[in-house]
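In what follows, a single structure is set out as structure tokens and then discussed.
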Amino acid sequence: MKVAFIGTGSMGGSMSRNLAAAGVDITVFDLNTESMQKPIAAGAKGAASAVECVTGADVLITMLPTPQAIEGCMVAGGVAAAMKPGSMWIDMSTSVPETAQLVAKHLDKSVRVMDAPVAGMSVGADKGTMSIFCGASAEEIAEAKPLFDIMGDPAKFFHCGAQGTGYAVKLVLNMLWFDYYMASVEALMLGVKAGVDLETLRLALVGSPANSTIMERDIIPLLRDGDYDEGFAVALACKDLRLANDLARSVGVPLEVGSAVEQLYRRARARYGDKAGECIPAKLYEDDTNTPLRYAK
Ligand code: NAD
């Protein structure tokens, strides 16, 4: 099986490296040629263009930043038209079904389309322990499963339903995490300003029906070190929230909590910059009340 892989950035660089290291016949391409060196060092071939990369491939995997980049590469860049009849396009980017449908109009009718976005951050891509959320038929998944099992943890592979449902699960998951995180920050700030010790409050909530993994685990780096998690930029978090809101509009679901949280993220991005971490909206509450949510040293 010949595999083409386009988009060798923070996530795709490690994913394609792991495929090459496992002996997969793989050719990579990225607009940033420097980023192709990681998979090439593990045995991947490098292509001079996206069209060259996909020519003759049985499977194309894309790992691109935005729906616009996917459309640019697949449609304007000519990749969709260059795909071999009977081959398979697996989009592992965080995107929306509309973009895949738009691209599909430029594919040969015999090309199969799957969405398989991921979770697990760059460390999961590096170690091959990502969760994968796949939208496709059982037959298509069976064909691609050996590749998924190299890139992700087989115990965290989810067949979400028909094509498009993998994108939906990924967007719902990210939106809910951001919703929980901001609700947790707001609740902690309220209790602290009302005079409760921060850790006493957190432990009381962990032992209550209002517990969550955010309260148990994910909020600790903020409380202990003022760590807003620059490993995932607020600009990408804003993209994910925008796509969740776009999806809600396209399927006719009101998203009152999700759209309020999107506004908080956009305000934090405007105030603290694109590269600030995904937890930076917490700082809006800290700055507005002049109260860092921090354990006493
Ligand atoms: P990234 O910006 O590090 O990498 C994207 C790569 O795509 C870049 O190297 C860029 O040069 C390349 N690219 C852009 N347009 C191109 C084109 N037309 N042709 C060829 N190459 C092109 O992004 P990333 O962090 O690797 O994220 C990729 C996708 O995975 C995004 O959709 C993101 O939301 C999702 N994701 C990221 C994480 C994370 O922790 N970083 C976790 C889960 C999912």
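Whatever order the structure lists them in is the order used to number ligands and atoms, beginning at 1.
Those atoms of ligand 1 that come under 4.0 Å of a heavy atom in S122, given as number and element, are 40 (O). Close approach to M121 involves these atoms of ligand 1, each under 4.0 Å from a residue heavy atom: 40 (O). Listed by number with element, the atoms of ligand 1 under 4.0 angstrom from any heavy atom of K239 are 31 (C), 32 (O), 33 (C), 34 (O). In the vicinity of M63, heavy-atom distances shorter than 4.0 Å reach the ligand 1 atoms 29 (C), 30 (O).
At least one side-chain heavy atom of V59 sits under 4.5 Å from a side-chain heavy atom of I90. Between M130 and M121, every side-chain heavy-atom pair lies at or beyond the 4.5 Å cut-off.
Among all protein heavy atoms, the one lying closest to atom 11 (O) of ligand 1 is D30 OD1, 2.6 Å. In this structure, atom 26 (O) of ligand 1 lies nearest to the protein heavy atom M11 N, 2.8 Å. Nearest protein heavy-atom neighbour of atom 21 (N) of ligand 1: L31 N, 3.3 Å. The protein atom (non-hydrogen) at minimum distance from atom 4 (O) of ligand 1 is G9 CA, 3.3 Å. Closest to atom 35 (C) of ligand 1 among all protein heavy atoms lies T94 OG1, 3.4 Å. Scanning the protein heavy atoms around atom 43 (C) of ligand 1, the nearest turns out to be V118 O, 3.5 Å. Of the protein's non-hydrogen atoms, the one nearest atom 29 (C) of ligand 1 is L64 O, 3.5 Å. Regarding atom 14 (C) of ligand 1, its nearest protein heavy-atom neighbour is P65 CD, 3.7 Å.
The proximity of P117 to ligand 1, defined as any non-hydrogen pair under 4.0 Å, does not occur for either the backbone or the side chain. With a heavy-atom cut-off of 4.0 Å, I6 touches ligand 1 through its side chain alone. At a heavy-atom distance under 4.0 Å, no atom of M92 approaches ligand 1.
Ion pairing between a basic and an acidic side chain is recognised when a charged N comes within 4.0 Å of a carboxylate O; D25 and K45 show such pairing. One finds no salt bridge joining K127 and D153 here, because no Lys/Arg side-chain nitrogen approaches an Asp/Glu carboxylate oxygen to under 4.0 Å. By the 4.0 Å N-to-carboxylate-O rule, R202 lies too far from E216 to be salt-bridged with it.
Within a 4.0 Å radius of atom 23 (O) of ligand 1, the protein has no heavy atom.
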Could you walk me through whether D287 and Y272 pass side chain to side chain contact (heavy atoms under 4.5 Å, CB included), step by step?
-> CA-CA 12 Å; D287 288 354; Y272 305 112; 2.7 Å; yes
Please step through side chain to side chain donor-acceptor pair (under 3.5 Å) for the pair Y295 and D225, ending with a clear verdict.
-> CA-CA 8 Å; Y295 295 142; D225 306 317; over 6 Å; no
Check the pair L264, Y285 against side chain to side chain contact (heavy atoms under 4.5 Å, CB included), reporting the backbone distance first and the verdict last.
-> CA-CA 10 Å; L264 276 169; Y285 286 82; 4.0 Å; yes
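Taking the six-membered ring for Trp and thresholds of 30 and 60 degrees, F148 and F157 have ring planes inclined between 30 and 60 degrees apart.
Considering backbone and side-chain atoms alike, T66 places every N or O at 3.5 Å or more from each N or O of ligand 1.
Heavy atoms from other residues, nucleotides or ligands lying under 6.0 Å from NZ of K193 number more than 12.
Considering every non-hydrogen atom in both A100 and Q163, the closest pair reads CB-NE2, 3.7 Å.
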